Every structure is written in C-alpha cells, then in structure tokens.
Amino acid sequence: MNDYSYDNLKRILETERGRKLVAQIKEGYSELFEGKPIERPSYADFMHIFDEGGDTRTCDLIDTKRKLRFFCLQILSLVDDKYISDLEEMIDEFCSQYTWFSSYHGRDNNNQSFNYNQIDLDTAFMSALLSTTYWIMYDKLRYDIKVRIRREIERRLIIPFENNPTYFGFGGGERSNWVATQTYGTGLAYLYVFPERLELVKDRLFNSLDAYFSGISDDGYCTEGHGYWAAGFNSVSSFLDSYVDKTKEDITNITKSEKILKSVAFGHSSILKYGYGIPFSDHQDTVEQKITKSVGHTLIKRVFGAAYKMYSAYDESDLFTRDENGNLVTNAIVRGENGYHRILSIDTFEEDKEGGIVENSTYIYPIGGAYIANRDKYSFAAKAGNNAECHNHNDIGNFALYVNGKRIFHDVRSHKYDAIYFDEKYRYTDEVFAASSFGHSVPIIDGKRQTQGAKFAGEIVESSDDIFEVNISGAYDLDISTLKVRYELSDDQITVKYFINEPTSHSLKLRFITVEEPSIGADGMVDICGVSFRSVQNLPLEMKKVEYLAHHVEGIAYTLEFDAGSVQNGEFEFEIKI
C-alpha cells in the first residue's frame, strides 16, 4: 500500500514491526543527537574541496550525520509531537545551508564554484527529503517553516528545472543513475510542494526517465554495476510510487515494459554469493546490508510487481551497532535515506517469501556483454562490453571471483571521487589505478593498456552455462584482431585461457588483480586465501603491491603479472583451484 499520508505511516508505526523500528530510532537519536548541537559545515568546508589537495570526506561525514539526524526525526515526529520542534530545527538548518550540492558534484568549468543552473544529485535528494516531509507533516509544521521549504526548493530546484534546457547538467545526453535520482527529487517537489505546476513539466519528467532507461541494455543489463543500478531503480520506484499515489494515473506503459522488467530481474541476478553485488564499473563492492536492501526491494515490488531477491532475509535488529570502542554507529541506514520509505518497507515486506541465499545459477547478457555464475563453492563474473559505458572503466575481458566471502580476483571499485577521476586526461592513466585497464585483470600488449571509447569493445565469441569467451583485441588501439580470453567453469576449478594468432609478434603480459595478499611458492604456485592459482606454462611471474585512492578510503591491491614474452601465436592457460 503506497499511501504516503500521516495517518497511514502512524498506523504502521503502531504495529509490532513499527514499534521495533521506533525503539531503535529512539535509542540511536538519544545517544547520537538529542541535546547536542546540529553539525554545521562552514563555507570554507565546502569551498576548500576545490583547492589543490582538497578533500571531500570532511564534508561527506558532516552531511551523513545531518541526514541521519533528519532520518531519525522524520520517524520520531510521527509518534511523539515533542520531536516536531527538533524536526523544524533541522528543516531550518537545511534551508539555511550554503548549498545542497554534494562536495564532489556540480563544479563549474573552472573548478572554482558550483554551477547554480544545474540540479545536482544531492540537490535532488534534499528536495525529496524536504518535499515528502512537507506533505506528510503539513498539518504539524509551523507556517513559517513550510514557507521556507517552498522558497528554497523553488530557488534551488524548480527555477533551474523550468528555465535551463540542461537542468541536469549533461546537455540532454546523460543516461546514468544520476538522471533517475534527479527526476525523483524534482518530481517529488512538484507532487508534494508545487502540484499546481506539475502539468507544466510532466512531459519533461517522464522524458528524463526515458533517458535513464535508454542507458540500460535491451537485455536488462546495467553497465554501472549493481550498486548504481539499485540507486537508479530505487529512485525511479520512489518517484513512480509517489506519482501513482498522488495522481492515480495509469503508468503501465512503464511498469509493464519488457525491457524495464528485465532490468528489475538484473537486480536479482547481479547479487552474488556472500552478499556481494556484481562489481564492474564504479559499483562500491561491499557486502549488501540486510535491512537496507529491503527498502529498495519493497519499493520496486510495489511499483513493478516484481523485485530482485535480496541476499539475506529481513532483519530489524541491525539499524545501529557498536564499533570497537563501544560507540553507537549506523549499520544499515544509507546516506540521505527517506524515513518514510523505511516505514512503508516494513509494512510491505513478506518475510516468509523474500530474501535468502543466492541460488546456483548462470546469467548471460549478450547485449550488455556480461556473464554471471553462482556455484556451490564460488561466485564468478566476467564482462565484454565497451570502454565508454556509464561509470566506465577500461576493463574489457575483466573478471571477478569470490570464494568463502573473500575477493580472490577483484575489480577494485572506483577511485576517490575527485577532479582527477572525472577528467579524461587523467582517468585512464597511472593517476587513477581503479579505472585504467592496468587496474583490472586484463592483458597488457606491447606495454599498452586498453583505450577509452565506445569503439574499443569486446565481442562475445561463445557463452553457455560453463563457458564465456570474449575477443578482447578490439579494446586496444593496436593492429591486432585475434586476442581472446576464455573462461571455463567446473564445480571446483576455473580455467582461464588466452589465445593470440597474429601475423607479427607482440609483447604480451597477463595481469591479474586481487585485494587479498597472495603467497607464492617455490614452484610458482600462488595461494590466495586457500585458493590455488598457477600458470600451466609456468610463465615468469612478478607480484607488486599497489596503494591507491579508493572511493572513501585508501586502498591496497596486488598485481600478479605473467610475462609471455614476444609472441605471434599461442595459448596461455591458468588454473584456479577452489
């Protein structure tokens, strides 16, 4: 039941599950926030991120705390009016905030200020939080604070949307999860705060959703990876859920679309064993949280009548946990989460039917260019694709392997989101290990890495339950056409084979990436967390430790580089025994 009303949400909080949620939120709010000053980023906190060596994390940490505080108050103010004044203080704080831009989005071309004609991702998130609060708590909030919400949303979001043809900052060509999130935040502003203007922009909102859907392959594959698929589809579902609730309009042209339902199914297939999501592109590959996933899961189910299956069953007990110092910290609340969505999710989740262990399976995406296999002892994924995908890494032929909860071979996720990472002069160079093909388990030919661009692509040669073969020669700006990689899967072994047959010789190094420290035996056998790995041809091996900047932390990876020398034709085989 997608009823975004005060009475319905209050009803849910009076159920057994609702009372458990409230008890956790009260405990968390009391210890973390009650009676304490609101965290306030200064002007300098924002602007120093544009300086040389500027760091986004200070702002991120402050913003995360503020959003968590607001999340708690959205829920608590429904059960006890004493929290409404605290809720209003937070609303006033957000309305007074220098900018709603995130610390690493929205820069102008000179990297000196924010582009105020653009609707940033976090501008949209803030709009969604304030708009739903405005609607649900309308009869409880002071008149003045409601006026402030209207003024700030109009200034920061409505005016740019209605007056700037590139309102989402991408010249009309963007197709990533960003455009879904921006549509969500903008759409909720019209639904809940400016409904009298909805008809003026309805076509633009749905055209934006169409742009997002156009970035998904016809077979449902999302090149951004599982995490960004979830961000995009959660945003789409949130907007459409509210849209139907408010307008009662028929949107079955979207919710029954074959392609879109295939992408909902991708959300299921892209969850691997041990709670990981398919790791390609910028997906932040950490173990999926139980309760967090239920929020998006139930939203998608309400809208599309189908949902991706979560890795773990629902569990209300883990919203907060304690760190090694005994401090209370969040465990399963995502930054900027809407408390009202959390309430609806506990009402619509069917515990006896949903969640559980990922079953053995093989999923092949011939258009998107990916292969996913779950077996008793491991999960495996490999890709073809092209080097101009959303959140692109140069990674044609790359693969990932998880065994016993460990990342045996791994896509190292994204670099820190900074100016270098979003500048193509640097993104695929030694400056950015995470996006360059040097940071992936792919060959190095004539000392060169793969090249960025849509024409640099892989071609699937063969795919079945246990075989995935890709011609990867097209990913390199070189005069080669026959370099292929073939993965053969069995119950307890994966064989990786590289083939080359060229008219002239090329130097060939075969590189593999892991984030677990390997040990190398005297016989050349490599051990990674109990998984053995060897070159059948016993090629010379060099191992290096690489320190790099990851999305939020400093990262460490290990490269295993086998030197095949100068070759014209040949087959090179590697065995991974599990």
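Numbering of residues begins at 1 and proceeds along the displayed sequence. All values below were derived from every heavy atom in this structure, side-chain atoms included, with hydrogens, water molecules and symmetry-related copies excluded. What you are looking at is a predicted structure, and each value in this text was computed from that prediction instead of being measured.
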Could you go through residues 564-572 and list every donor-acceptor pair under 3.5 Å that involves a side-chain atom there, pairing it with any protein atom two or more places apart or in another chain?
unit_1 : atom_1 : unit_2 : atom_2 : d
Gln568 : NE2    : Glu502 : O      : 3.2
Gln568 : NE2    : Pro503 : O      : 3.0

Legend entry - Stepwise salt bridge (Lys or Arg N to Asp or Glu O under 4.0 Å) check, Asp477 with Lys455: CA-CA 10 Å; Asp477 191 13; Lys455 70 178 182 178; 5.8 Å; no
Legend entry - CA sep, side-chain torsions, deciding dist, call: Asp466, Tyr487, side-chain hydrogen bond (donor to acceptor under 3.5 Å, both in side chains): CA-CA 8 Å; Asp466 299 317; Tyr487 300 101; over 6 Å; no
Inset, instruction - Report the C-alpha distance between Asn374 and Ser379 in whole Å, list the side-chain angles of each, state the deciding distance to 0.1 Å, and finish with yes or no for side-chain hydrogen bond (donor to acceptor under 3.5 Å, both in side chains). - result: CA-CA 4 Å; Asn374 292 295; Ser379 277; 2.2 Å; yes
Legend entry - Audit row: Asn177, Glu224, side-chain hydrogen bond (donor to acceptor under 3.5 Å, both in side chains) steps and yes/no: CA-CA 8 Å; Asn177 72 92; Glu224 296 182 274; 2.8 Å; yes
Inset, instruction - Take Thr183 and Arg204 through the side-chain hydrogen bond (donor to acceptor under 3.5 Å, both in side chains) test and state the conclusion after the steps. - result: CA-CA 9 Å; Thr183 303; Arg204 294 179 79 186; over 6 Å; no
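Between Phe512 and Tyr558, the distance from one ring center to the other does not fall under 6.0 angstrom. Residues Phe562 and Phe574 bring their aromatic ring centres within 6.0 Å. In this structure, Tyr365 has its ring center under 6.0 Å from that of Phe266. A ring-centre distance under 6.0 Å is not found for Tyr274 and Tyr378.
Note: Asn398 CG to Phe409 CZ = 11.5 Å, rounded to the nearest 0.5 Å. Distance check: His506 NE2 to Asp446 CG gives 6.0 Å after rounding to the nearest 0.5 Å. A distance of 11.5 Å separates CD1 in Ile472 from NZ in Lys383, rounded to the nearest 0.5 Å. Between the CD atom in Gln452 and the CD atom in Glu389 there is a gap of 10.5 Å [rounded to 0.5 Å]. With rounding to the nearest 0.5 angstrom, the CD1 atom of Ile216 is 8.5 Å from the OG atom of Ser214. To the nearest 0.5 Å, atoms CD1 (Ile408) and CD1 (Ile578) are separated by 8.5 Å.
In plain terms, the two heavy atoms of Asn386 and Ala457 that are nearest each other are CB-CB, 3.7 Å. Nearest heavy-atom pair across Gly267 and Ser270 is O-OG, 3.4 Å. Nearest heavy atoms, Ile396 versus Ala384: CD1-O, 2.9 Å. Among all heavy-atom pairs drawn from Ile119 and Pro160, the shortest one is CG1-CB, 4.2 Å. Nearest approach of Ala388 to Gly453, heavy atoms of both residues: CB-C, 3.6 Å.
Evaluation of the side chain to side chain donor-acceptor pair (under 3.5 Å) rule for Ser217 yields no partner, not counting sequence neighbours. Residues passing the side-chain contact (heavy atoms from CB on, under 4.5 Å) test with Thr252 are Asp250, Thr255, Lys256, sequence neighbours excluded. Applying the side-chain contact (heavy atoms from CB on, under 4.5 Å) test to Arg486 and every residue at least two apart in sequence or in another chain returns Glu462, Ile467, Glu469, Glu488, Lys497, Phe499.
Between Tyr184 and Ser127, the side chains place no donor N or O within less than 3.5 Å of an acceptor N or O (distance only, hydrogens not considered). Under 3.5 Å, the side chains of Arg449 and Ser436 contain a donor-acceptor pair of N or O atoms.
Listed by first and then second residue, the salt bridge (Lys or Arg N to Asp or Glu O under 4.0 Å) pairs that reach into residues 504-515 are Lys509-Glu561, Arg511-Glu561, sequence neighbours excluded. Identified under the ring-ring contact (aromatic ring centres under 6.0 Å, His included) test for residues 451-476, with sequence neighbours left out: Tyr371-Phe468.
When side chains are defined from C-beta on, Cys529 does not count as touching Val403, because their heavy atoms never get closer than 4.5 Å. The side-chain heavy atoms of Thr514 and Arg407, taken from C-beta on, include no pair separated by under 4.5 Å. Residues His226 and Phe280 are not in side-chain contact: their nearest non-hydrogen atoms beyond the backbone lie 4.5 Å or more apart. For the pair Ile520/Met525, no side-chain contact is recorded, criterion being any heavy-atom separation below 4.5 Å from C-beta on. Side-chain contact between Phe304 and Phe233: present, with at least one pair of heavy atoms (C-beta onward) separated by less than 4.5 Å. At a threshold of 4.5 Å between non-hydrogen side-chain atoms, the residues Val442 and Phe438 do not count as touching. At least one side-chain heavy atom of Thr186 sits under 4.5 Å from a side-chain heavy atom of Leu157. Side-chain contact between His440 and Asp411 is present, with heavy atoms from C-beta onward closer than 4.5 Å.
Counting heavy atoms of neighbouring residues, nucleotides and ligands inside a 6.0 Å radius, atom CG of Asp479 does not exceed 12 of them.
With Tyr548 contributing its side chain and Gly439 its backbone, the two residues share no donor-acceptor pair below 3.5 Å.
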